[in-house]
Colleague: 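Mind looking over this structure? Questions follow.
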Amino acid sequence: MDALGRFWTRVTTPVPDLPLEHVLVAAAAALLVVLTPALWRPARNVVTIAHEGAHGVVALAAGRRLSGIRLHSDTSGLTVSAGRPTGPGMVATCAAGYTGPGLFGLGAATLLAAGHAVGLLWALLGLLALLLVQIRNWFGLWSVLATGAAVFAATWWLPPAGQAVFAAGLTWFLLLAAPKAVVELQRARRRRTARDSDADQLSRLTGLPALFWVGVLLAVDLGCLALGGWWLVR
């Protein structure tokens, strides 16, 4: 019980605010990863984890039965759920994927602004553990375990200030990567290599043009970036 109490105290105790220059360095590092193709390709697996995890969370919240999640080496993924094939629940489930990374980033920025960098990292570990039981392929298993190992290493070996910088970099990455993923979606649609994308599924479900849904997804992610970024630097 004493050990559990010490752990809870460590997780819930706020850490001092990061100096602005540290926040900006974390933002610059995240932007470098997003804009550098050689770094973006492996890092995009983190976006896929957030994307498919968001599909799964909203599917469960909508009363659907989650059947499993697959993550692929080409950074694509698939979340399978059972339930009504139409209706608001299915629309919300489809829309959750490309907005998930941005909304996760916004939630992370909220915790960081409140000084809960350590709690944020442990919350991420908890979410990854929940996601792990839904993974149905070997690459997905490896991808989630590798991401969890990196977060665990930061929580275990870095001092509180170092954990705050790591958490800020991860938060900036999610906020910046979310709109880029939507831009990549539209590029793939324009090349006709994504005929069954989330935007096209939303179009079939609602009767609204797929390009309209691309705009909605991009607007949500840009809004998360603007608001989350403001909370981090203010």
Colleague: For L120, run the side-chain contact (heavy atoms from CB on, under 4.5 Å) check against L112, L170, V151 and tell me which one passes.
Modeller: L112

Colleague: Can you tell me how far apart OG1 (T155) and CZ (F166) are? Round to the nearest 0.5 Å.
Modeller: 9.0 Å

Colleague: Taking all heavy atoms of A109 and all of T171, pick out the closest pair and write down the distance.
Modeller: N-CG2, 3.7 Å

Colleague: Give the intermediate values and the outcome of side chain to side chain contact (heavy atoms under 4.5 Å, CB included) for residues L175 and L232.
Modeller: CA-CA 11 Å; L175 291 171; L232 288 170; 4.1 Å; yes

Colleague: Restricting to pairs with a member in residues 18-54, which pass ring pair (Phe, Tyr, Trp, His ring centres under 6.0 Å), not counting sequence neighbours?
Modeller: H51-H55, H51-Y98

Colleague: Test side chain to side chain contact (heavy atoms under 4.5 Å, CB included) on L18 and V165 and set out the steps.
Modeller: CA-CA 8 Å; L18 282 174; V165 173; 3.7 Å; yes

Colleague: In terms of hydrophobic clustering (I, L, V, M, F, W, Y; side-chain heavy atoms under 4.5 Å; direct or indirect links), are L124 and W156 co-clustered?
Modeller: yes

Colleague: Counting only heavy atoms from other residues, nucleotides and ligands, does the tally under 6.0 Å from CZ of R136 exceed 12?
Modeller: yes

Colleague: Give, for atom OG of S143 and atom NE2 of H72, the distance between the pair rounded to the nearest 0.5 Å.
Modeller: 11.5 Å

Colleague: Nearest 0.5 angstrom please: T147 OG1 to L127 CG, how far?
Modeller: 12.5 Å

Colleague: Under the criterion side chain to side chain contact (heavy atoms under 4.5 Å, CB included), I'd like the reasoning laid out for I49 against L128: C-alpha separation, chi angles, the key distance, then a yes or no.
Modeller: CA-CA 9 Å; I49 290 172; L128 288 170; 3.9 Å; yes

Colleague: Please find the pair of heavy atoms, one from P14 and one from A114, that lie closest to each other, and give the distance.
Modeller: CB-O, 4.1 Å

Colleague: Compare every heavy atom of P101 with every heavy atom of L174, then report the nearest pair and how far apart it is.
Modeller: CB-O, 3.6 Å

Colleague: Without swapping roles, check the side chain of T206 against the backbone of L202 for a donor-acceptor pair under 3.5 Å.
Modeller: yes

Colleague: Going by salt bridge (Lys or Arg N to Asp or Glu O under 4.0 Å), name the residues that satisfy it together with R204, two or more places apart in sequence or in a different chain.
Modeller: D196

Colleague: Within the 4.5 Å heavy-atom criterion, are R64 and M90 side-chain neighbours or not?
Modeller: yes

Colleague: Do V216 and L208 land in one hydrophobic cluster if side-chain heavy atoms of ILVMFWY residues count as linked below 4.5 Å?
Modeller: yes

Colleague: Once rounded to the nearest 0.5 Å, what's the spacing between atom CG of L121 and atom CD of Q163?
Modeller: 6.0 Å

Colleague: Taking T36 for its side chain and L32 for its backbone only, find out whether a donor-acceptor pair lies under 3.5 Å.
Modeller: yes

Colleague: Show the nearest heavy-atom pair for residues P160 and V15, with the distance to one decimal.
Modeller: CB-CG1, 3.9 Å

Colleague: Walk me through it: do V47 and F173 pass the test side chain to side chain contact (heavy atoms under 4.5 Å, CB included)?
Modeller: CA-CA 9 Å; V47 182; F173 173 75; 3.8 Å; yes

Colleague: Where is the tightest heavy-atom contact between F104 and A50, given as atom of each residue plus distance?
Modeller: CE1-O, 3.5 Å

Colleague: Identify whether L158 and W122 are in the same connected component of the hydrophobic contact network (ILVMFWY, side-chain heavy atoms under 4.5 Å).
Modeller: yes

Colleague: Give a yes or no answer on whether the side chain of R65 reaches the backbone of G83 with a donor-acceptor pair at less than 3.5 Å.
Modeller: no

Colleague: Are V144 and L130 co-members of a hydrophobic cluster defined by side-chain heavy atoms under 4.5 Å apart?
Modeller: no

Colleague: Report the distance from atom CD of E184 to atom CZ of R189, rounding to the nearest 0.5 Å.
Modeller: 15.0 Å

Colleague: Between W172 and L31, is there a side-chain heavy-atom distance shorter than 4.5 Å?
Modeller: no

Colleague: If you group Ile, Leu, Val, Met, Phe, Trp and Tyr whenever their side-chain heavy atoms sit less than 4.5 Å apart, what else falls in with V80?
Modeller: L78

Colleague: Ignoring hydrogens, what is the shortest heavy-atom contact between L185 and S197? Give both atom names and the distance.
Modeller: CD1-CB, 3.4 Å

Colleague: Strictly distance-based, threshold 3.5 Å: is any side-chain N or O of N45 a donor or acceptor partner for the main-chain N or O of P42?
Modeller: yes

Colleague: Above 12 or not: heavy atoms from other molecules or residues under 6.0 Å from CG of D74?
Modeller: yes

Colleague: Would you say the side-chain atoms of S203 pair up with the backbone N or O of A199, donor to acceptor, closer than 3.5 Å?
Modeller: no

Colleague: How far does CH2 of W142 sit from CD1 of I135, to the nearest 0.5 angstrom?
Modeller: 13.0 Å

Colleague: Indicate, with yes or no, if V57 and L71 share a hydrophobic cluster defined by side-chain heavy-atom contacts under 4.5 Å among Ile, Leu, Val, Met, Phe, Trp and Tyr.
Modeller: no

